[in-house]
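Heads up: the structure comes next, in structure tokens.
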Amino acid sequence: VPAVVPAFCDRSRYEQRVLDPEIKLEDRVAALSVLASVGAELGDVYRRLKTTEGASKNSGGWDLCFLMLCNHAPFPDAIPLLERYMSTADEKGVDVIVPVLKKLGELTTPEATTMLIRALSHPNSRVRQCAALGLGERRSRHALTALVERYEKEDDEALAGTLATAILASGARSIANIRPTRDDSPTRRLWQCILAMRLRDSTIADQLVTIAGDPAQNWQLRRAAIFAAGRLPYETA
């Protein structure tokens, strides 16, 4: 009923149930779920629970419970919880990590940006993809260096495209921010052309002309090179 009509929910009642160790654990968890469904500030409840129960036998279970409820009500105190979980979770744990990472990445605190930057180095590509998408939406220059470093190391071409998008959104100021390193794939060259078009960077002019005039290249890549060349202050192009 509180989830259907949240305006009539007495949140203090459910907070008391969560914090009461005399009540059955499943009833306390149900009360916490109600609080999450009505948009309560779970951070305050979490801190109070930790103060009263400390390192009890249910501590790990409570941490995971609060973490999973971040899908409905994300709160900054859950960021260190997620980072600890990410450092130990197996492949199955990724199904928990990705949606929580997405929601926590929407928080406006600087800690959320730092969390997403750290997640760029996670061994699972789904986690890295989620982190890159989140940073692209945040448009923070603070993340630019980490995004460029990850882009240069990334083996997944689809993910490299997402990273390139995030780099552009994070205020890339040089064509060197998106440069082919170990390979010269069409995806990476395409994003380099897009960045050159946005920055009007003439240092890549000769390469743009070569791509634009090469019928063996992908048409999307050639089109991007033509558009980029057309915006350069470069007579030969």
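Start at 1 with the first residue, then count along the sequence.
Under a hydrophobic-cluster definition in which Ile, Leu, Val, Met, Phe, Trp and Tyr are linked whenever side-chain heavy atoms come within less than 4.5 Å, directly or via other members, Leu159 and Val94 are assigned to the same cluster. Under a hydrophobic clustering in which Ile, Leu, Val, Met, Phe, Trp and Tyr are joined whenever their side-chain heavy atoms come within less than 4.5 Å, directly or via other members, Leu133 and Leu147 fall into different clusters. Cluster membership check: Val45 shares its hydrophobic cluster with Leu64, using side-chain heavy-atom separations under 4.5 Å among Ile, Leu, Val, Met, Phe, Trp and Tyr. Leu208 and Phe227 are assigned to two separate hydrophobic clusters, defined by single-linkage of ILVMFWY side chains at heavy-atom distances under 4.5 Å. Under the 4.5 Å side-chain heavy-atom criterion for ILVMFWY residues, a single connected hydrophobic cluster contains both Leu69 and Leu107.
The closest side-chain heavy-atom distance from Ile117 to His142 is below 4.5 Å. Within the 4.5 Å cutoff, no side-chain heavy atoms of Glu137 are placed close to those of Lys102. At a threshold of 4.5 Å between non-hydrogen side-chain atoms, the residues Val100 and Leu81 do not count as touching. By the 4.5 Å heavy-atom criterion applied to side chains, Asp156 and Gln129 are not counted as neighbours.
The number of heavy atoms from other shown groups lying within 6.0 Å of CZ (Arg48) is above 12. Within a 6.0 Å radius of CZ in Arg47, more than 12 heavy atoms belonging to other residues, nucleotides or ligands are found.
Arg126 places no side-chain N or O within 3.5 Å of a backbone atom of Ile97 that could act as its donor or acceptor partner. No side-chain donor-acceptor contact under 3.5 Å links Arg11 to the backbone of Leu35. Distance alone, capped at 3.5 Å, places no donor-acceptor pair between the Arg198 side chain and the Ala228 backbone. Looking at Arg222, its side chain never comes within 3.5 Å of a backbone N or O of Gln217 through a donor-acceptor pair. Side-chain atoms of Arg189 never come within 3.5 Å of backbone atoms of Ala225 as a donor-acceptor pair (strictly under, hydrogens ignored). At distances below 3.5 Å, at least one donor-acceptor pair connects side-chain atoms of Arg231 with backbone N or O atoms of Met197.
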Please determine whether side-chain contact (heavy atoms from CB on, under 4.5 Å) holds for the pair Trp191 and Leu168, giving the CA-CA distance in whole Å, both sets of side-chain angles, and the decisive distance to 0.1 Å. CA-CA 9 Å; Trp191 281 104; Leu168 265 66; 4.1 Å; yes
Could you go through Arg141 and Arg173, starting from their C-alpha distance and side-chain angles, then the distance that decides it, and tell me whether this counts as side-chain contact (heavy atoms from CB on, under 4.5 Å)? CA-CA 10 Å; Arg141 283 194 57 82; Arg173 293 180 178 176; 3.3 Å; yes
Using the rule given for side-chain contact (heavy atoms from CB on, under 4.5 Å), can you reason through Leu25 versus Trp62, listing the C-alpha separation, both sets of side-chain angles and the distance that settles it, and then say yes or no? CA-CA 10 Å; Leu25 181 61; Trp62 277 119; 3.6 Å; yes
side-chain contact (heavy atoms from CB on, under 4.5 Å), that's the test. Do Leu120 and Leu135 meet it? Break it down for me. CA-CA 10 Å; Leu120 288 175; Leu135 289 170; 3.7 Å; yes
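Taking CG of Leu67 as the reference point, atom CZ of Phe75 lies at 7.5 Å (rounded to 0.5 Å). Rounding to the nearest 0.5 angstrom, the gap separating the NZ atom in Lys24 from the CZ atom in Arg17 is 11.0 Å. In this structure, Arg138 CZ and Thr108 OG1 are separated by 7.5 Å, a value rounded to the nearest 0.5 Å. Note that CG of Leu42 and CG of Leu49 are 11.0 Å apart. Values are rounded to the nearest 0.5 Å. Distance CE/Met115 to CZ/Arg118: 10.0 Å, rounded to 0.5 Å. Annotation: the span from Ile194 atom CD1 to Ile167 atom CD1 amounts to 12.0 Å, rounded to 0.5 Å.
The minimum heavy-atom distance linking Ala160 with Glu154 is given by the pair N-CG, 4.1 Å. Heavy-atom minimum distance, Leu144 versus Gly171: CD2-O, 3.9 Å. Shortest non-hydrogen contact noted between Arg128 and His122 is NH1-O, 3.0 Å. Contact between Leu195 and Ser174 at its shortest, heavy atoms only, is CD2-O, 3.3 Å. The shortest non-hydrogen separation linking Leu221 to Pro186 is CD1-O, 4.2 Å. The minimum heavy-atom distance between Ala131 and Leu101, with the atom names listed, is N-CD2, 4.1 Å.
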